[in-house]
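Everything quoted here is computed from the prediction, not taken from an experiment. Worth knowing before you read on, the calculation uses all heavy atoms, side chains too, and leaves out hydrogens, waters and symmetry mates.
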Amino acid sequence: MKHIYLIGEHLSHSYSPKIHSCLAGYSYSLKELAREAVSDFFAKREFDGLNVTIPYKKEVMRYLDAISPEAEAIGAVNTVLRQGSTLIGYNTDYFGFMAMVRKSGVTVQGKTVVVIGSGGASKAVCAALSDMGAGAVKVLSHKDNNEEAIHAYTDCHVLVNTSPVGMYPNSDAAPVDLSLFTCCEAVLDLIYNPAQTRLLEEAERLGMVSCNGLYMLVAQAKKAAEIFSGQAICDSRIDEVCKMMELETKNIVLIGMPGCGKTTVGRKLAELLSREFYDSDSEIEAAFGMHPSAFITEKGEQAFRAAESEVLCRLGKQSGCIIATGGGAVTRQENYSFLRQNSTVVFLKRELDALATDNRPLSKDKAAIEALFKTRLPLYRQFCHVEVEAAESPALTAKEIIKKVKEL
């Protein structure tokens, strides 16, 4: 069996092994390399092929015996094939980005495009944009990304982020203030983890077309798999693998009124899907040593909401988990980013008369609970991707959630 590796500096949360396992029949492993170890790794040549990611897409070219014309023209390599003692470099990012643009429906022909970042991925993106007829392509490098210089770039119609700014685990950052780009119509972010970066969240808020990098990742992997295996793979597999990856890697977050059954249904979801389960109230108690009700009584609701946001920020960065939140998680707007960045958010609805009231004094006051629901309903609907009615059976509710998530 062929042994293929992904090499780069930080790889622990890469999706590539799962993607390649769906595309072909070779062994695919992650190989984190410090910069000083790259030369020795290539000297040994103990591999049949490689994918290459940040920060080595340009550096690896010096170790290769031959480079494909497109990779030579781009000036970066992300795929290496060993044929006997010969190492041949290719660039499949070019193909992947073109597929991403087509999938997004964004038109670049004749448009001004700003590409954030000047690394290996940027070079492939710029080459693809040029070949797709972009009117002008401007590269916004780190040295130009400052208050004085950035105004020379804000006239673009399309913005492409090829930098790692906003990537897991530092997902609270954005490479630019998108509100400055008043002519921008669309934002493409090559980052795929989290699924919705801060940059893409801002694009959505401003009414711009937005697309993350998962489709590009799968499309370039498909092209690389053809090189490694020597066999053609149907383009339809890109959509199939993307859908599978979205279902497997996105969290399912449950929001809704206190007592609507989020924790019970969440546990059943985790059981049915063989996923880890987190309850935000339990996580708060573990982190701060106090049950939420005691926390609110002793330190006040504002202090509790701040602690809750801290926990949701951490939980929201996870992948493939089930997360049950407290009923008031939607009352702080910052939690919107935390909960949606890598998750499908489900609003679990239940008739107010059917809400559990154990250890919930407020829930026993009908007028108070109706007033609370009236206040929070618009927030639940703002935060969620889908609404699901809670059935008597948690198992039936969990199955309905799975069905609705798959339909998205």
Side-chain angles (χ1 to χ4, degrees), residues 1-100 117-128 131 162 164 190 192 213 216-233 235 237-238 241:
M1 179 181 286
K2 289 185 177 181
H3 294 280
I4 312 296
Y5 294 92
L6 170 65
I7 64 168
E9 205 166 35
H10 304 293
L11 305 174
S12 59
H13 289 81
S14 172
Y15 295 170
S16 291
K18 173 66 74 172
I19 291 169
H20 280 266
S21 71
C22 295
L23 292 170
Y26 42 70
S27 166
Y28 192 99
S29 306
L30 303 177
K31 187 76 172 180
E32 289 190 350
L33 292 175
R35 193 171 292 276
E36 60 271 18
V38 174
S39 178
D40 183 58
F41 178 78
F42 274 89
K44 291 179 179 177
R45 302 195 177 198
E46 296 175 345
F47 53 82
D48 295 299
L50 301 173
N51 279 145
V52 184
T53 191
I54 297 171
Y56 302 130
K57 292 185 180 184
K58 291 185 282 187
E59 182 174 336
V60 299
M61 296 177 75
R62 73 180 73 173
Y63 304 111
L64 306 180
D65 304 299
I67 298 174
S68 68
E70 81 280 356
E72 189 75 63
I74 291 167
V77 162
N78 77 318
T79 301
V80 176
L81 178 67
R82 181 169 71 83
Q83 289 187 332
S85 61
T86 301
L87 297 183
I88 308 168
Y90 301 86
N91 192 298
T92 65
D93 281 340
Y94 174 89
F95 170 84
F97 180 70
M98 281 192 163
M100 176 185 181
S118 55
S122 172
K123 293 182 178 298
V125 165
C126 289
D131 290 348
T162 71
L190 270 56
Y192 57 88
M216 176 178 171
L217 177 71
V218 176
Q220 68 80 25
K222 175 259 184 189
K223 196 71 172 178
E226 291 179 330
I227 293 169
F228 297 144
S229 67
Q231 298 178 344
I233 300 172
D235 283 352
R237 291 289 293 142
I238 300 172
V241 174

Point to revise | Where at least one partner belongs to residues 63-75, residue pairs that pass salt bridge (Lys or Arg N to Asp or Glu O under 4.0 Å), sequence neighbours excluded | key: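 Residue pairs with at least one partner in residues 63-75: R45-D65.
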Check your understanding: Going by an N to O cut-off under 4.0 Å, is there a salt bridge joining E59 and R35?
Key ->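 Yes.
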Review point. Can any side-chain N or O of K222 pair as donor or acceptor with the backbone N or O of I233 at less than 3.5 Å?
Key: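 Side chain of K222 to backbone of I233, a donor-acceptor pair under 3.5 Å: yes, one is there.
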Review point. So, the side chain of Y56 versus the backbone of L33: is there a donor-acceptor pair under 3.5 Å, distance only?
Key: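 It does hold such a pair.
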Is the shortest side-chain heavy-atom distance between [X] and [Y] below 4.5 Å?
{"X": "L64", "Y": "V80", "result": "yes"}
{"X": "L190", "Y": "V125", "result": "yes"}
{"X": "E9", "Y": "I54", "result": "no"}
{"X": "Y90", "Y": "I67", "result": "no"}
{"X": "P17", "Y": "L30", "result": "yes"}
{"X": "L217", "Y": "Y15", "result": "yes"}
{"X": "C126", "Y": "S122", "result": "yes"}

Drop me the distance from [X]'s [atom1] to [Y]'s [atom2], to the nearest 0.5 angstrom.
{"X": "R82", "Y": "F47", "atom1": "CZ", "atom2": "CZ", "answer": "7.0 Å"}
{"X": "R237", "Y": "L23", "atom1": "CZ", "atom2": "CG", "answer": "6.0 Å"}
{"X": "S118", "Y": "K58", "atom1": "OG", "atom2": "NZ", "answer": "6.0 Å"}
{"X": "Q220", "Y": "I19", "atom1": "CD", "atom2": "CD1", "answer": "8.0 Å"}

For residues [X] and [Y], report the shortest heavy-atom separation together with the two atoms involved.
{"X": "A71", "Y": "G89", "value": "CB-O, 4.1 Å"}
{"X": "L6", "Y": "S14", "value": "CD2-OG, 3.4 Å"}
{"X": "G213", "Y": "Y192", "value": "C-CB, 3.9 Å"}
{"X": "I74", "Y": "A124", "value": "CG2-N, 3.4 Å"}
{"X": "M216", "Y": "M100", "value": "CB-SD, 3.7 Å"}
{"X": "I238", "Y": "V218", "value": "O-CG1, 3.7 Å"}

Check your understanding: Can you name the residues that form a side chain to side chain contact (heavy atoms under 4.5 Å, CB included) with Q83, not counting sequence neighbours?
Key ->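 Residues passing side chain to side chain contact (heavy atoms under 4.5 Å, CB included) with Q83: L81, I88.
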Exercise for review: Not counting sequence neighbours, which residues clear side chain to side chain contact (heavy atoms under 4.5 Å, CB included) with H3? List them please.
Suggested key: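 In terms of side chain to side chain contact (heavy atoms under 4.5 Å, CB included), with neighbours along the sequence ignored, H3 is linked to Y5, S27, D48.
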Practice item. Report the relative orientation of the aromatic rings in Y63 and F42; use parallel for angles under 30°, tilted for 30 to 60°, perpendicular for over 60°. Key: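 The rings of Y63 and F42 lie parallel, inter-plane angle below 30°.
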Exercise for review: Take V241 and K18, measure what side chain to side chain contact (heavy atoms under 4.5 Å, CB included) needs, and give me the verdict at the end.
Suggested key: CA-CA 9 Å; V241 174; K18 173 66 74 172; over 6 Å; no
Report the residues that fulfil side-chain hydrogen bond (donor to acceptor under 3.5 Å, both in side chains) with [X], sequence neighbours left out, ordered by chain and then residue number.
{"X": "K123", "value": "none"}
{"X": "E32", "value": "none"}
{"X": "Y28", "value": "N51"}

Review point. Can you check side chain to side chain contact (heavy atoms under 4.5 Å, CB included) on I4 and L50, steps first, answer last?
Key: CA-CA 5 Å; I4 312 296; L50 301 173; 5.8 Å; no
**Study point:** Side chains of N78 and T92, donor plus acceptor under 3.5 Å
**Key:**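 A pair is found: one side chain offers a donor N or O, the other an acceptor, under 3.5 Å apart.
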Exercise for review: Could you check T79 against V52 for side chain to side chain contact (heavy atoms under 4.5 Å, CB included), going step by step and ending with a plain yes or no?
Suggested key: CA-CA 6 Å; T79 301; V52 184; over 6 Å; no
